[in-house]
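Keep in mind it's a predicted model, so treat the numbers as computed, not measured. We number each residue from 1, following the sequence as shown.
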Amino acid sequence: MHNNDKYLMKLSDQLLVGATIRFSKDGWLLLSNGKKSVFCYNPFTRAIICLPDLPDNYVLGGMSFSSVPTSRDCVVIAISNWYEFVDYNEISFLVTELGKSAIEWTDYKFDYEGDSQDNFMPCINNPVFSDGDFYCLDYNGMLGVFTMKGGYPNRRVLSKSLKQFGGFYPSYLVECDKKLLLVNLGQSGKSVNIYELDRTEMVWVKLNSSGKHAVFISCRSSFSAVAPRSCMENKIYFPRLYGERILYYSLDTCRYHYVGSDRHSLQDFHNTKERSSCTWIEPRWS
């Protein structure tokens, strides 16, 4: 964001060879290597926290963790609704708690056959931890909640009134100042809309501004931060490049711009390139 400077970190740990980034939060990456190996990695301190191997035959969907992996209350979840060699009509939440002396994956299965409201198929975008629960979207825009409150995990799908977005266009959940936001894109990015979840009525309320926050979205990880510079306020940043410059959407101008040139604007994603295997990360050395 500073004159489009670039920085390169050479990471030599062999555990990273062939690994796939699954999630990012608080300076930590959640990665998988192969079909079973999962671990947390901080590229700034080079710290590694290995998680138990995943059960056999699971095909991973979204993954997330609740807090810094070094904290005693960190919970890691992995969602799977596909299984190798088997066709099940259920969704699994694999859960492990890093603060326990002997950590292991616990599998919680939920049937999603029957009532259309329960026919919930999580999309590829990762769950977001907010207000003690994990929230995830399905391909039709319905919102699912996985909670660890009350001693036993539970899953619920919020009312059909939330089903207002088509599954053809991507949507991203973001926590912002303890609020849950949804960024919804139109075809080829021709429209960008941002909503806040009204937790009282459990409906989405359209917003015109993110205030002093900058919002960063991607399939791997989406988050918000108080903008460190005023020129970054009220903007949504994408894992896309226009040439070599990062693309963002201004909620003030309702146009796309790219870092280093506020005067030039774009209507949509035309002539931009998506970096599909990347993630946003907040530098943390502590």
Side-chain angles (χ1 to χ4, degrees), residues 1-9 21-30 43-44 62 64 123-130 135 137 169-196 206-284:
M1 304 302 166
H2 299 270
N3 299 318
N4 208 41
D5 291 344
K6 302 176 182 65
Y7 299 89
L8 178 67
M9 296 177 67
I21 297 174
R22 294 287 181 175
F23 184 66
S24 169
K25 185 176 181 177
D26 293 328
W28 285 80
L29 299 175
L30 180 61
F44 305 99
S64 181
C123 60
I124 194 171
N125 299 334
N126 280 326
V128 169
F129 185 76
S130 178
Y135 290 83
L137 285 168
Y169 307 124
S171 297
Y172 304 86
L173 291 177
V174 187
E175 187 180 43
C176 180
D177 197 23
K178 298 184 179 181
K179 301 172 184 177
L180 188 64
L181 304 184
L182 183 146
V183 179
N184 181 247
L185 306 182
Q187 184 178 14
S188 300
K190 292 184 184 296
S191 64
V192 179
N193 293 302
I194 186 168
Y195 300 83
E196 177 188 341
K206 189 173 182 179
L207 301 179
N208 296 317
S209 171
S210 64
K212 294 185 177 298
H213 288 80
V215 176
F216 302 84
I217 63 172
S218 75
C219 290
R220 305 295 183 186
S221 185
S222 301
F223 65 90
S224 68
V226 175
R229 304 172 67 194
S230 60
C231 63
M232 295 175 64
E233 293 177 358
N234 207 27
K235 293 177 173 59
I236 302 172
Y237 290 85
F238 292 83
R240 285 182 170 271
L241 298 179
Y242 181 81
E244 293 296 320
R245 297 180 178 271
I246 294 172
L247 187 75
Y248 67 85
Y249 183 85
S250 170
L251 291 166
D252 291 321
T253 66
C254 297
R255 302 273 294 186
Y256 291 95
H257 305 267
Y258 47 93
V259 172
S261 179
D262 292 331
R263 285 180 287 181
H264 296 87
S265 64
L266 307 169
Q267 285 186 324
D268 51 35
F269 289 158
H270 186 62
N271 287 331
T272 68
K273 295 182 179 180
E274 183 176 11
R275 304 303 297 263
S276 58
S277 297
C278 70
T279 188
W280 300 104
I281 185 168
E282 300 172 273
R284 297 286 176 89

*In Å, rounded to the nearest 0.5 Å, how long is the span from NZ of Lys25 to CG of Leu30?*
11.5 Å

*asked:* Treating Asp177 as the side-chain partner and Lys179 as the backbone partner, does any N or O pair qualify as donor plus acceptor under 3.5 Å?
replied: no

*Between the side chains of Arg255 and Ser265, does any donor sit under 3.5 Å from an acceptor?*
yes

*What distance do Tyr172 atom OH and Ile236 atom CD1 have between them, rounded to the nearest 0.5 Å?*
11.0 Å

*Enter the distance from Cys176:SG to Leu181:CG here, rounded to the nearest 0.5 Å.*
5.0 Å

*Could you pull out the closest heavy-atom pair between Leu173 and Val128, with the gap in Å?*
O-CG2, 3.3 Å

*If you take all heavy atoms of Gly62 and Asn126, which pair is closest and at what distance?*
CA-OD1, 3.2 Å

*Of all the heavy-atom pairs spanning Tyr135 and Ser130, show the shortest one and how long it is.*
CE1-O, 3.4 Å

*asked:* What's the separation between atom OG1 in Thr272 and atom CD1 in Ile246, rounded to the nearest 0.5 Å?
replied: 13.0 Å

*Grab the two heavy atoms, one from Ser221 and one from Trp280, that are nearest each other, plus how far apart they are.*
O-CD1, 3.8 Å

*Any chance you could lay out the side chain to side chain contact (heavy atoms under 4.5 Å, CB included) test for His264 and Tyr242, step after step, and finish with the verdict?*
CA-CA 11 Å; His264 296 87; Tyr242 181 81; over 6 Å; no

*Taking atom CD of Glu282 as the centre, report whether more than 12 heavy atoms of other residues, nucleotides or ligands fall under 6.0 Å from it.*
yes

*Ignoring hydrogens and geometry, is there a side-chain-to-backbone donor-acceptor pair from Arg245 to Val259 under 3.5 Å?*
yes

_Contact check, side chains of Phe269 and Leu185, non-hydrogen atoms, under 4.5 Å_ = yes

_Straight-line distance of Asn184 CG to Ser171 OG, nearest 0.5 Å_ = 3.5 Å

*So, for Val174 and Ser224, which heavy atoms are closest and what is the spacing to 0.1 Å?*
CG1-N, 3.8 Å

*Rounded to the nearest 0.5 Å, how far apart are CG of Asp26 and CZ of Phe223?*
9.5 Å

*Using the test side-chain hydrogen bond (donor to acceptor under 3.5 Å, both in side chains), find all partners of Asn234 that sit at least two apart in sequence or belong to another chain.*
Ser209, Ser210, Asp252

*asked:* How close do Ala214 and Tyr237 get, counting heavy atoms only, and between which atoms?
replied: CB-CE1, 4.0 Å

*Which residues share a side-chain hydrogen bond (donor to acceptor under 3.5 Å, both in side chains) with Lys178, sequence neighbours left out*: none

*Glu274: salt bridge (Lys or Arg N to Asp or Glu O under 4.0 Å) partners, not counting sequence neighbours*: Arg240

*asked:* Just checking Tyr256 against Phe238, ring centres under 6.0 Å apart?
replied: yes

